[in-house]
Amino acid sequence: MAIYRDEAVVLRTHKLGEADRICTLLTRNNGKVRAVAKGVRKVGSKFGARLEPFMVADIQFYEGRTLDTISQAETLGSYGAPIVADYALYTTATAMVEAADRLTETDPAQRQYLLLVGALRSLSRGEHSPTLTLDSYLLRALSIAGWAPSFQDCARCGRPGPHARVMVQVGGAVCSDCAPQGAAILDDATRELLIALLAGAWDLTEDVPEQVQKRASGIVAAYAQWHLDRSLRSLDHLDGSQAHTVAAVPQSTPPSVPEPKATA
Amino acid sequence: MYEGIVQELIDEFGRLPGIGPKSAQRIAFHILQTESVDVARLSEILGQIRTRVHFCEICGNVAEQETCSICRDPRRNQTLICVVEEAKDVVAIERTREFRGLYHVLGGAISPIDGIGPDDLRIRQLMQRLADGTVVEVILATDPNLEGEATATYLSRLLTTLKVKVTRLASGLPVGGDLEYADEITLGRAFEGRTVIG
Ligand SMILES: [Zn+2]
Ligand SMILES: [Zn+2]
């Protein structure tokens with residue numbers, strides 16, 4: 001049996017049989033790997049908490065026919081404990097790993113790995129607000145996956161911005177010629193925040209009013225939802241004030257009223 | 001592969017948690033060779049289990065009546081509630097004989113990635129039980145793994161709004177593991193040395 005070694009972040013785990021778990025890991029060099037951790041749920045397991053979600057570890061794998069097996073794990077980044085001690089951080093980190101799980105496959109994804117580890121580390125240290133950390137992570141993870149949004153120039157025709165409308169289906173801001181009827185409004189403050197989050201320009205994200213943050217989060221959630229086919233479950237369970245509701249994005253026209261039925 | 005019904009029986013056992021194909025085959029052949037009265041009794045229990053077993057209206061534990069035997073027992077300390085994820089955790093804690101209070105079974109742990117949020121657990125029912133002020137201490141005995149810790153974090157924050165002492169089982173439990181695998185001595189010690197968190 002072949003042995004290989006890689007750094008990995010634990011995305012999620014599933015119980016297997018009596019005392020084992022299947023861990024879904026995003027590795028530095030081998031893309032996403034599903035591997036069995038034997039006996040991890042038992043007292044005195046050699047793995048302890050090293051294979052819990054949000055943990056980063058140096059792992060040795062045995063290649064298997066269907067699933068690989070984890071034979072050793074050494075902690076590199078212990079982000080689980082600080083994250084789990086704060087409920088808002090926990091729900092935020094869960095949304096991140098869910099997105100990472102959906103955006104990666106078995107082919108190498110080193111940029112996704114580094115982005116996720118960086119985001120979890122930043123979150124565990126409380127460097128920025130969980131909401132902003134998540135929104136920045138989602139925009140950049142989607143960009144790496146090939147869905148980079150444009151919030152300055154028109155996402156459809158490329159006309160230089162700024163523009164006052166946004167359409168996630170098209171890929172971001174849209175000019176007045178490209179904006180369909182009813183496209184959501186993109187005000188200056190929200191646009192600037194989205195551009196800063198996409199670029200990781202954290203100094204520009206400080207002191208942004210909550211209303212603006214909410215509108216940006218709504219656009220990020222809608223953008224992620226559109227590109228991931230179905231929404232991230234974790235976004236529905238974010239802690240109280242961080243709710244990523246698409247409804248937070250103002251529409252330029254009131255919700256359409258059903259047309260009266262023609263009488264025969 | 002065996003013929004027809006024998007293979008069906010093996011397949012059914014193989015679907016049960018913790019039973020691999022070899023064990024499934026062993027159990028199936030054990031049943032084939034067992035006295036017919038024993039098999040009749042087993043099939044009778046299997047047939048009745050879903051209709052006879054309920055979940056306790058008060059605590060969510062498994063019960064044969066509307067309430068479980070622990071909630072009905074007047075000798076249990078009515079001022080202590082131990083919060084666990086599942087009914088099997090009640091069994092694990094009862095084995096230690098360290099705890100004489102009441103339980104509250106949440107029905108799982110908060111796991112947003114699986115679509116399970118606080119509203120999907122029996123948290124509202126817990127708050128209702130605490131409303132009249134009889135309970136003075138809530139012991140959070142969720143699993144010592146990530147989801148269990150996150151659930152305890154959520155509950156302790158929620159319970160600080162009430163005038164109730166909140167404690168968490170002491171360390172020494174297998175971190176990353178399931179509560180049900182903790183041996184009686186370790187679990188008993190964790191009860192004695194529980195720490196106040198809210
Ligand atoms: Zn355009
Ligand atoms: Zn009960």
Colleague: Determine whether the side chains of A/Thr27 and A/Asn29 contain a donor N or O and an acceptor N or O closer than 3.5 Å.
Modeller: no
Colleague: Do you know which of A/Gly39, A/Ala85, A/Ala81 has the most heavy-atom pairs with chain B at a distance under 4.5 angstrom?
Modeller: A/Ala85
Colleague: Considering only heavy atoms, which portion of B/Leu16 lies under 4.5 Å from any heavy atom of chain A: side chain, backbone, both, or neither?
Modeller: neither
Colleague: Which residues pass the salt bridge (charged side-chain N to carboxylate O under 4.0 Å, His left out) test with A/Glu74, sequence neighbours left out?
Modeller: A/Arg50
Colleague: Where on A/Asp86 is there a heavy atom nearer than 4.5 Å to chain B: the side chain, the backbone, both, or neither?
Modeller: backbone
Colleague: A/Pro53, A/Gly80, A/Ala95: which one forms the most heavy-atom pairs within less than 4.5 Å of chain B?
Modeller: A/Pro53
Colleague: With distance as the sole test, does B/Thr160 use its side chain to make a donor-acceptor pair with the main-chain N or O of B/Arg157 at under 3.5 Å?
Modeller: yes
Colleague: Could you check whether A/Arg34 pairs with A/Asp68 (Lys NZ or Arg NE/NH1/NH2 to Asp/Glu carboxylate O, under 4.0 Å)?
Modeller: no
Colleague: Could you check whether A/Asp101 pairs with A/Lys32 (Lys NZ or Arg NE/NH1/NH2 to Asp/Glu carboxylate O, under 4.0 Å)?
Modeller: yes
Colleague: Among residues at least two apart in sequence or on other chains, which ones pass salt bridge (charged side-chain N to carboxylate O under 4.0 Å, His left out) with B/Asp120?
Modeller: none
Colleague: What residues of residues 110-127 of chain A sit under 4.5 Å from chain B when only non-hydrogen atoms are counted?
Modeller: none
Colleague: With only heavy atoms counted, which part of B/Asp114 is less than 4.5 Å from chain A, the side chain, the backbone, both or neither?
Modeller: both
Colleague: With sequence neighbours left out, what residues match B/Glu137 under salt bridge (charged side-chain N to carboxylate O under 4.0 Å, His left out)?
Modeller: B/Arg194
Colleague: When you compare the side chains of A/Ser217 and A/Asp135, does any donor N or O come within less than 3.5 Å of an acceptor on the partner?
Modeller: yes
